[in-house]
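Here's the structure we're looking at; comments come further down.
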There are 2 protein chains.
Amino acid sequence: MSINKKIGKRILALRKIQNLSQEALAHRANVDRTYITGVETGKRNVTVRVLERIIHALESNFGTFFNDKVFLDEK
Amino acid sequence: MSINKKIGKRILALRKIQNLSQEALAHRANVDRTYITGVETGKRNVTVRVLERIIHALESNFGTFFNDKVFLDEK
DNA sequence: TTGTGACTAACAGTCCGTC
DNA sequence: TGACGGACTGTTAGTCACA
């Protein structure tokens, strides 16, 4: 599984926990809604600068974001 | 401190621990030598795909890479 | 509410060097 | 050995109409 897909899954999971729509998250992170779609579906290869905005919008941080089994599994 | 500078510092630290030159790391990660310089000095905004290669070349992973005080400090 | 294809400006990333 | 520069190509950021 590509890093992009892993990140997409993680973002989706965190977004669902917070009961946010893609649009609400997009607004918080100051990116376009369709951009969030692209990231969540693993189609975008994000830069750390944008990823930082999204992670903060999810009220998380890099440490906890990547401390998830999604990033440890070999799938 | 920008996310790029934090990542640069972290990569430099891990590289020093392993006693690698920038060139050796670049070779392992399959990126250009001058690119490592740019990343370590915080001038480059890396994509997660390349960051993954660099982290693996440092024999680390995203979880432990970002589990560092550099990414927690507000500096 | 979410996904897709297409688009341009900006920049990621390479390769050639010099200091 | 590492920082830095210019020139270059490929890819991402950011947005839109549409489904």
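Order of the sequence lines fixes the chain letters, A, B, ..., with proteins taken first and strands second; residue numbering starts at 1 for each chain. Since this is a predicted model, take the numbers as computed values, not measurements.
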* Under 4.0 Å between a side-chain N/O of B:Thr34 and OP1 or OP2 of C:dC15, yes or no? -> no
* To do: Could you check whether B:Thr37 gets within reach of a base, just the sugar-phosphate, or nothing at all, counting any heavy atom under 4.0 Å?
  => base
* In Å, rounded to the nearest 0.5 Å, how long is the span from CD1 of A:Ile54 to CG of A:Asn30? -> 11.0 Å
* Could you give the distance from CZ (B:Phe62) to NZ (A:Lys6), rounded to the nearest 0.5 Å? -> 8.5 Å
* **Distance, rounded to the nearest Å, where A:Ile36 contributes CD1 and C:dG3 contributes P** => 11 Å
* Please state how far atom NE2 in B:His27 lies from atom C1' in D:dT1, giving the value in whole angstrom units. => 17 Å
* With a 4.5 Å limit on heavy-atom distance, are the side chains of A:Phe66 and B:Asn67 in contact? -> no
* Structure fact -> Assign each of B:Arg15 and A:Val46 the nucleotide of DNA chain D bearing its closest heavy atom; nearer the 5' end lies the nucleotide of B:Arg15
* Asked: How many Å lie between CG on A:Asn19 and C1' on C:dT1, as a whole number?
  -> 13 Å
* Between C:dA12, D:dA3, D:dA13, which nucleotide has the shortest distance from any of its atoms to the side chain of B:Thr41? -> D:dA3
* Would you say A:Arg53 reaches D:dG14's phosphate, i.e. side-chain N/O to OP1/OP2 under 4.0 Å? -> yes
* Asked: Expressed in angstrom and rounded to an integer, what is the separation of B:Leu51 atom CG from C:dG13 atom C1'?
  -> 14 Å
* A:Arg44 side-chain N/O to D:dT15 phosphate OP1/OP2 under 4.0 Å -> no
* To do: Report yes if at least one side-chain N or O of B:Arg49 is closer than 4.0 Å to OP1 or OP2 of C:dG13; otherwise report no.
  => no
* Atom pair distance, as rounded to whole Å: CD in B:Glu52 and C1' in C:dA12 -> 17 Å
* Respond yes when some side-chain nitrogen or oxygen of B:Lys43 is under 4.0 Å from OP1 or OP2 of C:dC11, and no when none is. => no
* Please give the nucleotide sitting opposite C:dA9 as a Watson-Crick or G-U wobble pair, both distances under 3.5 Å, or none. => D:dT12
* Got B:Ile3 and A:Leu51 here, is their nearest side-chain heavy-atom distance under 4.5 Å? -> no
* A:Asn4 has an atom CG; how far is it from atom P of C:dA12, in whole Å? -> 16 Å
* **Straight-line distance of B:Lys16 NZ to B:Glu40 CD, nearest 0.5 Å** => 7.5 Å
* Taking only the side-chain heavy atoms of A:Gln22 (C-beta and beyond), determine which of D:dC16, D:dT12, C:dG3 contains the nearest atom. => C:dG3
* **B:Tyr35 side chain near C:dT14 phosphate (N/O to OP1/OP2, under 4.0 Å)** => no
* Does A:Arg33 make a side-chain N or O approach to OP1 or OP2 of D:dT15 shorter than 4.0 Å? -> no
* For A:Asn45, which contact category applies under a 4.0 Å heavy-atom criterion: base, sugar-phosphate, or nothing? -> sugar-phosphate
* **Greater than 12 external heavy atoms within 6.0 Å of B:His27's NE2** => no
* Quick one: A:Asp32 CG to C:dT1 P, roughly how many Å, whole number? -> 15 Å
* Roughly how many Å is it from CD in B:Glu23 to P in C:dC15, rounded to a whole number? -> 13 Å
